[in-house]
Engineer: 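Got a structure for you, written out below as structure tokens; questions coming shortly.
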Number of protein chains: 2
Amino acid sequence: MSPSARRTGRPRSAEADRAILGATRAALVELGWAKLTLGDVAARAGVAKTTLYRRWASKCELVVDAIAAAFDEHLEATDRGSLHADVEAVVIRLGALLQRPETGTALMAVIAEAMHDEALRCRVRSAIVDRQKRLVTVGRERARLRGELPREEDPQESARNADLIFDTVAGAVLHRLMISAEPVDPRWARDFTDLLLYGLTGADSGGAAAGPAPQGAQKPAGSV
Amino acid sequence: MSPSARRTGRPRSAEADRAILGATRAALVELGWAKLTLGDVAARAGVAKTTLYRRWASKCELVVDAIAAAFDEHLEATDRGSLHADVEAVVIRLGALLQRPETGTALMAVIAEAMHDEALRCRVRSAIVDRQKRLVTVGRERARLRGELPREEDPQESARNADLIFDTVAGAVLHRLMISAEPVDPRWARDFTDLLLYGLTGADSGGAAAGPAPQGAQKPAGSV
DNA sequence: CCCTTACGCTACGAGCCGTAGCGTAACTCA
DNA sequence: TGAGTTACGCTACGGCTCGTAGCGTAAGGG
């Protein structure tokens, strides 16, 4: 529906939107996903419960919009001069974002719900996932210009690789924080970046040989 | 409490346990996490609701036990002769496991809840996470014996690396399936394994590095 | 001034939660 | 065999949240 289609009548209060989304984040911090009720959010925001239901069909969609704002605020791909530094920075940033009490937990819960709700999945994708994915695209483009990565001819294969890297980076950070329940500190970020850039066989992250000199020549004979 | 401490009185029905856990998995498939109610599970299992509450304190703990069985059944580290093949097999296996309608979704939801519940986090850790982590340990040990990976002296650093690899592999699969909502097919498994082993920069860009690449020398990881 | 839309407020039926109470079933030990 | 102990099935209940309906009022547009 275009904005011009809603010219008549009382306009929706933009301030109410901000208040509701803010109250949602606050409630997520204090109560967590499970104990968060829409009635409570409405009370915190100072609006009627019915107003909330007029704008969002379900708790999930509300929370998606609430945390999407946090993702937009805290995710940007800054140029740090090298692919290694860029990846490391993104990992730290994403870790800090998911470590916040309202984002990571809520994202997990919403994703879980989205497996049974196609519309919600689309909303999550456009509001959160696709925007994160852009970081990978931008970072790879910069690395290519620096000569750190080879050129890619096939655009389809390029997209596939971008998805692969995105899943690897974001997945590792998410898993570390949510499932292993351990912090994404600078050392882990460095170790992971080494692993991502040089691989298991190449660099022994943490040890003496962390340089880009892969000793991967000692591959197995019977690979199959 | 040791099993000998409960010798007197009527013993708990082991069949009821199986029925309840089975009913939980079935209900997860049909209803999903959000719409799953304990009353419904009890009805499916043919037991009284009170029996259910006597054994599990909450919906979360019940579901943890229910999906932990699935993890135990479908996760084993089979020796396929090379590190590359082993990793690929684990990725496929884990993907198939998380793709089942009752496991992945429920795991996400439970993890989300566990962020606010220390006891539940411990339960998840011992029932699911630690057992998965053993796959990494076993696989790396085999690779070391084959000479595919260097020896590690520092046990502490070794544990850190195992955690890192675990988060990277499991996280990537989880993210691919749950958040990107794309399948973990053989091609993706191969691409990811290449990335994990040879890294973003390594791979075939150097030419000889990926020489002994098994089946399919058109390894695309270099064109990252 | 009328029309349209949004808002606040109240009230309501519905559903699930988690527990209490009771009588019965199963198993152990003396 | 009988007493003690524990688990089970069943019913019922207060409490909470949900999502909606209805009403009167506020804020814009033609």
Side-chain angles (χ1 to χ4, degrees), chain A residues 1-24 27-28 30-65 106 109-110 113 116-117 119-120, chain B residues 1-24 27-28 30-65 106 109-110 113 116-117 119-120:
Chain A
M1 50 189 75
S2 66
S4 61
R6 214 183 252 165
R7 264 188 310 204
T8 72
R10 175 177 177 176
R12 286 193 170 175
S13 164
E15 194 192 356
D17 261 334
R18 275 181 280 114
I20 291 173
L21 293 178
T24 304
L28 276 175
E30 285 185 31
L31 307 173
W33 163 268
K35 295 182 180 174
L36 178 140
T37 69
L38 291 196
D40 189 77
V41 170
R44 284 168 191 259
V47 303
K49 198 172 61 166
T50 46
T51 298
L52 223 153
Y53 279 100
R54 286 190 191 104
R55 305 192 182 190
W56 287 277
S58 73
K59 176 172 158 180
C60 286
E61 303 189 6
L62 169 63
V63 170
V64 170
D65 287 358
V110 169
E113 292 306 311
H116 283 269
D117 186 339
L120 179 60
Chain B
M1 49 191 73
S2 63
S4 63
R6 210 187 253 165
R7 261 193 305 208
T8 73
R10 176 177 177 176
R12 288 192 168 175
S13 163
E15 194 191 356
D17 261 333
R18 274 182 279 113
I20 291 173
L21 293 179
T24 304
L28 277 175
E30 286 186 30
L31 307 173
W33 164 266
K35 294 182 181 174
L36 178 141
T37 69
L38 291 196
D40 189 79
V41 171
R44 285 168 190 259
V47 303
K49 198 172 59 165
T50 45
T51 299
L52 223 153
Y53 278 101
R54 286 189 191 105
R55 307 192 182 189
W56 288 277
S58 74
K59 176 171 158 179
C60 285
E61 304 189 6
L62 169 63
V63 170
V64 170
D65 287 358
V110 168
E113 291 305 311
H116 281 271
D117 186 339
L120 180 60

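Sequence lines set the chain letters: A, B, ... in the order given, protein chains first and strands last, and positions in each chain run from 1.
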Engineer: In whole angstrom, give the distance that lies between atom CG of D17(A) and atom C1' of dA6(C).
Structural biologist: 12 Å
Engineer: Between D40(A) (CG) and dT17(D) (P), how many Å, whole number?
Structural biologist: 8 Å
Engineer: To the nearest 0.5 Å, what is the distance between CG (L28(B)) and NE2 (H116(A))?
Structural biologist: 8.0 Å
Engineer: A48(B) side chain: which of dC9(C), dC10(D), dT17(D) is closest?
Structural biologist: dC10(D)
Engineer: Could you tell me whether the side chain of V63(B) reaches within less than 4.5 Å of the side chain of W56(B), counting heavy atoms only?
Structural biologist: no
Engineer: Could you tell me how far apart R12(A) (CZ) and dA6(C) (P) are, to the nearest whole angstrom?
Structural biologist: 5 Å
Engineer: If you measure from OG1 on T24(A) to CG on L62(A), what distance do you get to the nearest 0.5 Å?
Structural biologist: 3.5 Å
Engineer: Distance check needed: dC16(C) C1' versus L31(B) CG, whole Å only.
Structural biologist: 13 Å
Engineer: What is the distance, to the nearest angstrom, from the NZ atom on K59(A) to the C1' atom on dG19(D)?
Structural biologist: 14 Å
Engineer: I want to confirm an ordering. Mapping T51(A) and S58(B) to their closest nucleotides on DNA chain C, which one lands closer to the 5' end?
Structural biologist: T51(A)
Engineer: Test R44(A) against every option in V47(A), V41(A), D40(A) by the side-chain contact (heavy atoms from CB on, under 4.5 Å) rule and name the one that passes.
Structural biologist: D40(A)
Engineer: Rounded to the nearest 0.5 Å, how far apart are NZ of K49(A) and CG of L38(A)?
Structural biologist: 8.5 Å
Engineer: Over how many whole Å does the gap from E15(A) atom CD to dA6(C) atom P extend?
Structural biologist: 18 Å
Engineer: Roughly how far, to the nearest 0.5 Å, is the OG1 atom of T51(B) from the CG atom of D17(B)?
Structural biologist: 10.5 Å
Engineer: Rounding to an integer number of Å, can you tell me how far L52(B) CG sits from dT11(D) C1'?
Structural biologist: 17 Å
Engineer: Across nucleotides 20-28 of chain D, 5' to 3', mark each nucleotide with B, S or - according to how protein heavy atoms within less than 4.0 Å reach it.
Structural biologist: BB----BBB
Engineer: Measure the distance from CG on L36(B) to P on dC16(C) and round it to the nearest whole Å.
Structural biologist: 11 Å
